[in-house]
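To start, the structure itself, in structure tokens.
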Amino acid sequence: MSARTAFTARTHRTRLFATAAVALAALSLTACQGGDDTKGAGSSTSSATANGAGAAPGSPSAEGGAGSAGQSSDTSETGSKGPQGTSGSGTSGSKGSTGTGKGGTQAGQSSRVPGKCGAASVRITATVVSRPLNHLLLTATNTGAKTCRLPAYPMARFGEAQAVPPVAERTKPQAPTELEPGKSGYAGVLLSAGDGSAEGGHTVHTLTVPFDDGSIARVTLPAQGVHVDNSLTVTYWQPSLDTALGY
């Protein structure tokens, strides 16, 4: 082999080695970059899958992600509505409590409404007065321990009369007369016309006054009795004696 041929062969081998070295370096660099990209892609994919954003619809990861997002939204909504709900509940509870309080007050008022007076706890007396003329004063006194309510007016039955006398409407008080223990109510009775113009005059010796509870009080009249005629009229029960005799 000549020197020139040998030189040419060495030069060719050197170039081949250089080319091979460059190619290997390029492949190595490409492999490294590919590995980095793969790691980046894997990391991105893993992150997306973990968050449910990169997962396919219907997959567990996607549903989990959606579920987490939904729960977060619900929690936020619940958190914002929670105080209002609690406040609303408190207001409702307060109203309920108020309603209960009102109910209790009404029940208390109902329990404080006096019961009906009766002959067992109320004594009625009759007194003939000089003024006004031909008038009888009925006095009802509560001898019991509880306040009671008198009937609107005394449905007095004199003697054997089949009907009770009418009541003078202009004497009606604003409210029924109530008697506290030891207190009295009053009613006036016009027995007969002062000028003797009324008919049906006669003398009676007995008087009964019924109560709303069904009991009947027997009232003692003067021994000589009282004279009544068709003008017989009673007043409503009054808390004042003067009012009772004002008719």
Side-chain angles (χ1 to χ4, degrees), residues 102-195 197-198 200-201 204-222 225-247:
K102 290 182 178 179
T105 301
Q106 292 176 356
Q109 291 176 348
S110 298
S111 66
R112 291 196 299 270
V113 171
K116 299 175 181 179
C117 291
S121 60
V122 175
R123 182 182 71 252
I124 299 179
T125 60
T127 305
V128 176
V129 297
S130 57
R131 292 183 181 278
L133 188 64
N134 299 337
H135 272 68
L136 185 72
L137 175 67
L138 298 180
T139 303
T141 303
N142 185 354
T143 61
K146 296 181 179 180
T147 300
C148 66
R149 184 179 64 255
L150 286 168
Y153 60 90
M155 293 175 284
R157 190 179 297 276
F158 287 88
E160 301 299 324
Q162 300 300 310
V164 298
V167 62
E169 287 297 332
R170 66 185 180 86
T171 65
K172 185 175 183 179
Q174 294 182 349
T177 299
E178 298 176 357
L179 300 181
E180 295 179 359
K183 300 298 182 179
S184 299
Y186 308 90
V189 181
L190 173 61
L191 296 171
S192 60
D195 57 4
S197 60
V204 297
H205 297 274
T206 61
L207 170 62
T208 57
V209 179
F211 288 94
D212 288 341
D213 68 348
S215 60
I216 299 175
R218 298 185 181 279
V219 184
T220 302
L221 293 175
V226 293
H227 181 78
V228 298
D229 60 21
N230 292 345
S231 61
L232 183 65
T233 308
V234 301
T235 70
Y236 284 88
W237 284 111
Q238 309 288 338
S240 166
L241 184 151
D242 293 338
T243 305
L245 294 178
Y247 172 73

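Pairing each heavy atom of P222 with each of V128, the nearest pair is CG-CG2, 3.8 Å. Here the closest non-hydrogen pair linking P151 and W237 is O-CD1, 3.1 Å. Residues L138 and A126 come closest through the heavy atom pair CD2-CB, 3.8 Å. Between T235 and A187, the shortest heavy-atom distance links the atoms OG1-CA, 3.5 Å. Contact between T243 and Q238 at its shortest, heavy atoms only, is CG2-OE1, 3.4 Å.
Distance check, rounded to the nearest 0.5 Å: CG of N142 to CD of E178 gives 11.0 Å. For the atom pair CD1 of I124 and CZ of R218, the computed distance is 12.5 Å after rounding to the nearest 0.5 Å.
Contact annotation: the side chain of S240 never approaches that of Y186 to less than 4.5 Å [non-hydrogen atoms, C-beta and beyond]. For the pair T220 and T125, the minimum side-chain heavy-atom distance is 4.5 Å or more.
For the pairing with V129, the side-chain contact (heavy atoms from CB on, under 4.5 Å) check across V189, L137, L136 returns one residue only, L137.
Evaluation of the side-chain contact (heavy atoms from CB on, under 4.5 Å) rule for N230 yields E199 as partners, not counting sequence neighbours. Checked against side chain to side chain donor-acceptor pair (under 3.5 Å), S197 has the following partners two or more places apart in sequence or in another chain: D195. Remark: T141 engages R123, T139, S184 in a side-chain contact (heavy atoms from CB on, under 4.5 Å) (not counting sequence neighbours). With sequence neighbours excluded, the residues forming a side-chain contact (heavy atoms from CB on, under 4.5 Å) with D229 are S192, A193, A198, S231, listed by chain and number. When the side-chain contact (heavy atoms from CB on, under 4.5 Å) test is applied to T127, no partner is found at least two apart in sequence or on another chain.
Pairs passing the disulfide (SG to SG under 2.5 Å) check and including a residue from residues 128-186, sequence neighbours excluded, read C117-C148. Residue pairs satisfying the side-chain hydrogen bond (donor to acceptor under 3.5 Å, both in side chains) criterion with at least one member in residues 206-215, sequence neighbours excluded, are listed as follows: D213-S215. The ring-ring contact (aromatic ring centres under 6.0 Å, His included) analysis of residues 121-142, with sequence neighbours excluded, yields no pairs.
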Can you give me every donor-acceptor pair (side chain of residues 156-176, partner residue at least two apart or in another chain, under 3.5 Å) with its distance?
unit_1: R157; atom_1: NH1; unit_2: A161; atom_2: O; d: 2.8
unit_1: R157; atom_1: NH1; unit_2: Q162; atom_2: O; d: 3.3
unit_1: Q162; atom_1: NE2; unit_2: E160; atom_2: O; d: 3.2
unit_1: E169; atom_1: OE1; unit_2: Y236; atom_2: OH; d: 2.8
unit_1: E169; atom_1: OE2; unit_2: Y236; atom_2: OH; d: 3.1
unit_1: T171; atom_1: OG1; unit_2: A168; atom_2: O; d: 2.6
unit_1: T171; atom_1: OG1; unit_2: Y236; atom_2: N; d: 3.2

